[in-house]
Amino acid sequence: MSSTFTYHPTETEAEKASNSYLMSLIAIMVGFPLPIINLMATLFFYIANRKSTYFVRWHCTQALLSQLSLFVINSIGFWWTVSVLFKEDTQISNPYMAYVITVFVVNVVELGMTIAAAINTRKGHHVSWWFYGPLTQMMCKP
Amino acid sequence: MKKTILQAFILLSLAAGIYLLISRVNWMKLFRIEKMTDALEQKLGDMVWAGMEEQSIEEGKEYDRVDSLVTAICKSNGFKRDKIKLHIMGDSEVNAFALPDRHMVVHTGLINAVHNNDELSGVLAHEIAHMELSHVMKKLLKQMGYTLLISITTGEAGGGAIKELLGMLSSTAYDRKLEKDADIKAIEYLKKAGISPNGFADFLYRLGEKDGSLGSLSWISTHPDSKERAKYIREAGR
């Protein structure tokens, strides 16, 4: 959801904040199905901008937190798939199929939210996601 | 803070709810995964067996002996005996193995190596367990993959692939866990049939000692740690 930030960000700030979301988008294309790539790309961008302005830091943190939870969900799916492929005692099962489909749904939703956030922050709007927004607010101080 | 924790809880519940809802659908049936695997197994079984058929002994004293033991195990455990395609092969190698589509191959070398019917029943129950627990297809799918197995059935992979598949099933072990699972199941089958698992343990122990009188020991080279297995089979048989 779009809300008002404590100050109006400059054009450069808006671009950098938007890039923090784009980082995870580019990484999805390169890293899928290796879930660590997305997290690492967002983490590196976060580290690079940890001394940046409040608006940029805030959005880098929100992007990182969302990638962190996605990393957990995707990692379970990844290692489950590895064991289905390489372990003789693990087979394709209904719970596995359901999990893979759930992971797909969650990733698609997250992708949509990330694209929307990247567009809106580029326009200088402040985007605060449900749960991730308040969490970022607690972690990121002006 | 409380609000954020509540939101986290709702988000997790939502994700779990989506998963539970999606798992209500029978995806295996929807994508016909089980049917495809069954059809693939049947075709593979027929193809592999076609290449071995000539060496098979389908009647006589040895066949009747093994047949009666397999029938006894099946009857006591509620398995349909006619689903198991029993084949005796004239081969001095001490070996027995399961092929896709419930083909069970027993070498005459194994029949001659056992001291009594209890020992033979143990090995047969172990192979039946591999079949009942779908270990044959699990192993093939893991080691060769769906694509290669399908290309074998369509003839695209060539005749060499069938030989490779047969070699894999007759001379390489299953995963250690699957072997133990088959042993534990075999003990269950034997007990239900009123056969002492000690015979099976004795046979494994003798194989573990690599008794020279047993000749070529294929079955043991594919089933490691025989003495350890003999130990837990004896314990479970008490």
Side-chain angles (χ1 to χ4, degrees), chain A residues 1 3 35 58 61-62 65-77 79-114 127-141, chain B residues 1-37 40-41 130 133-147 168-169 172-182 184-185:
Chain A
M1 107 187 130
S3 58
W58 199 98
T61 310
Q62 180 168 256
L65 288 174
S66 71
Q67 283 302 312
L68 206 65
S69 43
L70 207 63
F71 169 73
V72 175
I73 295 168
N74 287 355
S75 289
I76 296 168
W79 290 110
W80 198 343
T81 304
V82 167
S83 75
V84 160
L85 288 173
F86 301 108
K87 274 180 79 182
E88 281 182 12
D89 61 335
T90 319
Q91 282 235 293
I92 297 178
S93 58
N94 214 52
Y96 169 74
M97 298 287 284
Y99 190 79
V100 169
I101 293 163
T102 308
V103 167
F104 180 75
V105 170
V106 170
N107 274 274
V108 167
V109 170
E110 208 271 345
L111 185 73
M113 280 168 61
T114 305
V127 180
S128 173
W129 285 333
W130 205 73
F131 169 65
Y132 294 107
L135 191 65
T136 307
Q137 198 64 46
M138 283 195 290
M139 293 173 69
C140 198
K141 298 292 170 201
Chain B
M1 180 73 177
K2 268 186 185 174
K3 196 182 163 192
T4 314
I5 294 171
L6 182 72
Q7 285 186 348
F9 180 73
I10 293 170
L11 211 63
L12 281 172
S13 308
L14 193 72
I18 292 171
Y19 171 72
L20 287 174
L21 206 69
I22 290 174
S23 61
R24 299 287 294 170
V25 180
N26 190 345
W27 299 100
M28 300 292 281
K29 200 177 172 187
L30 203 69
F31 292 128
R32 295 181 175 184
I33 292 172
E34 274 162 7
K35 260 191 175 178
M36 270 166 58
T37 311
L40 182 66
E41 182 172 0
H130 275 315
L133 298 170
S134 309
H135 287 176
V136 183
M137 281 310 280
K138 277 181 187 172
K139 179 178 175 162
L140 289 179
L141 286 169
K142 286 288 154 352
Q143 299 195 353
M144 300 185 108
Y146 257 112
T147 321
M168 190 187 289
L169 290 171
T172 58
Y174 287 89
D175 177 286
R176 186 180 285 262
K177 189 185 172 292
L178 297 192
E179 287 297 349
K180 189 163 185 175
D181 287 351
I184 303 295
K185 266 279 173 241

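To find a chain, count down the sequence lines: A is the first, B the second, and so on, and within it residues start at 1. Owing to the predicted nature of the structure, the values given are computational and were not obtained by experimental measurement.
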Whatever's closer than 4.5 Å to a heavy atom in chain B on A:L85 counts as backbone
Taken in chain and number order and not counting sequence neighbours, the residues that satisfy ring-ring contact (aromatic ring centres under 6.0 Å, His included) with B:F9 are none
Students often mix this up, so state it plainly: with edges at 30° and 60°, are the rings of A:W80 and A:Y99 parallel, tilted or perpendicular?
tilted
Is there a side-chain contact between B:L141 and B:T37, using heavy atoms and a 4.5 Å cut-off?
yes
Could you pull out every donor-acceptor pair under 3.5 Å between side chains of residues 23-30 of chain B and any protein atom, sequence neighbours left out?
residue : atom : partner : partner atom : Å
B:S23   : OG   : B:Y19   : O            : 3.1
B:S23   : OG   : B:L20   : O            : 2.9
B:N26   : OD1  : B:M28   : N            : 3.4
B:N26   : OD1  : B:K29   : N            : 3.2
B:W27   : NE1  : B:I22   : O            : 2.7

Counting heavy-atom pairs under 4.5 angstrom with chain B, the leader among A:L135, A:I101, A:V105 is A:I101
Bottom line for A:S93: the part with an atom under 4.5 Å from chain B's heavy atoms is backbone
